[in-house]
Structure formats: structure tokens, C-alpha cells
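Below is one structure, written out as C-alpha cells; comments come after it.
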Amino acid sequence: MNAAAGTPPVIVVGMDGSDPSKRALRWAADQATLTGAELKIVTTWEYPPTLGWAPPYPSDFDPDAEARKAQAEAVDSVLHDEPGVARQLVVTEGHPAFVLTEAAKGAVLLVVGSRGHGAFAGMLLGSVSEYCAAHAPCPVVVVRHPDDAA
């Protein structure tokens, strides 16, 4: 507990729906249970980058709503049996590395998977986890896949 604020500590965890991010959420939930922390589960989205002309998006295209739906499904698949873990779901537009390091201000820990949807096969550490490890304002845990080489 943060004695000054009287609030539980916060563990921020990045969630993009990938298996590495689900393992990160599982690890963060276990840590939250041990420490009495609250989880702040962060999902980001961005419009696809374009050079020059971009095709029009369908009129019902809502990337924020899609991200919220995907986040809720991923969180439920990992934490469905743990209603006692306090959690806050956050979905925001922006690059995940920047959003996560900003969200980690005031947190006791930032937890990310070793690679997410944007990683190339064979990478042991993705660009988001690498950026977070170098720039986060709190300690960072990068949860690796058990099959990753040491």
C-alpha cells in the first residue's frame, strides 16, 4: 500500500492479445495477488501507417471498439477464474512503447511480453519490450516464452 495516497500499488501490463502478452498478464496477475496490487491492463491501437494516398476506411470502422473487444476477450481468457484480482482496463490510441511507459508513471512495475503481434519470428525481445526496459519510470519485467533460448 502506498501510505501517502492510501491506494494499492499498481502493476501496468501491456496486452495486445498475443500469446506473449497473455503470459505477461498471467505473470502480472500472480504478482498482483502476492503483493495486493491492482492491475492496469493497457491495450493500444493505431491507424495503419500509409505513404501518400490511403484507401478509405469502412464507415463502421471503429478501431477503439475493436481493441476494447479484443482486450476484454484476452483478459477474460487469462483471468476468468480470478475475480479477486483488481483490474482497470485501458484502451488508447498510440504507439504501445510510448503509451506503456507513460502509463507506468507512478506504477510499481511494468510487465510486458517478450514479443507481440509485430515481432519477427526468432526475436527474443521485441522493440516494444526493449523500449520499455530502457525508458520506463519503474522496474520492468519482460516475460519470455519458455522455449526462448537462454
Side-chain angles (χ1 to χ4, degrees), residues 1-50 61-150:
M1 256 293 164
N2 182 339
T7 59
V10 173
I11 297 173
V12 174
V13 59
M15 166 56 67
D16 67 4
S18 66
D19 286 340
S21 73
K22 288 178 181 178
R23 281 191 296 279
L25 178 58
R26 172 78 268 144
W27 191 96
D30 291 344
Q31 185 67 18
T33 299
L34 290 171
T35 62
E38 175 182 311
L39 293 178
K40 184 176 185 179
I41 304 165
V42 179
T43 299
T44 67
W45 62 270
E46 292 182 289
Y47 284 104
T50 61
F61 180 63
D62 187 350
D64 189 77
E66 291 297 318
R68 288 180 191 285
K69 179 181 174 193
Q71 181 193 58
E73 290 171 358
V75 169
D76 186 54
S77 74
V78 175
L79 301 181
H80 63 280
D81 60 344
E82 293 186 51
V85 176
R87 62 193 88 150
Q88 174 190 8
L89 303 180
V90 176
V91 174
T92 189
E93 180 182 7
H95 189 278
F98 306 135
V99 171
L100 287 169
T101 54
E102 185 66 26
K105 290 181 178 175
V108 296
L109 194 61
L110 171 59
V111 182
V112 293
S114 59
R115 40 182 201 268
H117 281 303
F120 294 101
M123 289 180 66
L124 295 180
L125 194 65
S127 60
V128 171
S129 55
E130 184 176 2
Y131 183 90
C132 289
H135 298 283
C138 64
V140 176
V141 171
V142 179
V143 179
R144 295 176 51 179
H145 188 278
D147 294 337
D148 286 347

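For the pair Ser21 (side chain) and Gly113 (backbone), a donor-acceptor distance under 3.5 Å is absent. The main-chain N or O of Val90 is found under 3.5 Å from a side-chain atom of Gln71 such that the two form a donor-acceptor pair. A donor-acceptor contact shorter than 3.5 Å links the side chain of Arg26 to the backbone of Val78.
Taking each heavy atom of Ala136 and Leu110 in turn, the nearest pair found is CB-CD2, 3.9 Å. Considering all non-hydrogen atoms of both residues, Gly36 and Pro9 come closest at O-CD, 4.1 Å. Counting all heavy atoms, side chain and backbone alike, Val12 lies closest to Ala104 at CG2-CA, 4.0 Å. The shortest non-hydrogen separation linking Ala74 to Gly17 is CB-CA, 4.1 Å. Shown here for Gly14 and Val112, the closest heavy-atom pair between the two residues is N-CG1, 4.5 Å. In terms of heavy atoms, Val85 sits closest to Leu39 at CG1-CD1, 3.6 Å.
Between Val111 and Gln31 the shortest side-chain heavy-atom distance does not fall below 4.5 Å.
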**Prompt:** Should Met15 and Lys22 be marked as a side chain to side chain contact (heavy atoms under 4.5 Å, CB included) after you check the CA-CA gap, both sets of side-chain angles, and the distance that decides it?
**Reply:** CA-CA 7 Å; Met15 166 56 67; Lys22 288 178 181 178; 4.2 Å; yes

**Asked** Between Ile11 and Thr35, is a side chain to side chain contact (heavy atoms under 4.5 Å, CB included) present by the stated rule, with each step listed?
**Response** CA-CA 10 Å; Ile11 297 173; Thr35 62; 4.3 Å; yes

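Each of Thr43, Val99, Thr44 was evaluated against Val91; a single residue qualifies, Thr43, per the side-chain contact (heavy atoms from CB on, under 4.5 Å) test.
In this structure, CD on Glu46 lies 7.5 Å from CD on Glu93, to the nearest 0.5 angstrom. If you take CZ on Phe61 and CD on Glu66, they are separated by 8.0 Å, rounding to the nearest 0.5 Å. With rounding to the nearest 0.5 Å, the separation of CH2 in Trp45 from CZ in Arg68 is 10.0 Å. With rounding to the nearest 0.5 angstrom, the NE2 atom of His80 is 14.5 Å from the CD atom of Glu73.
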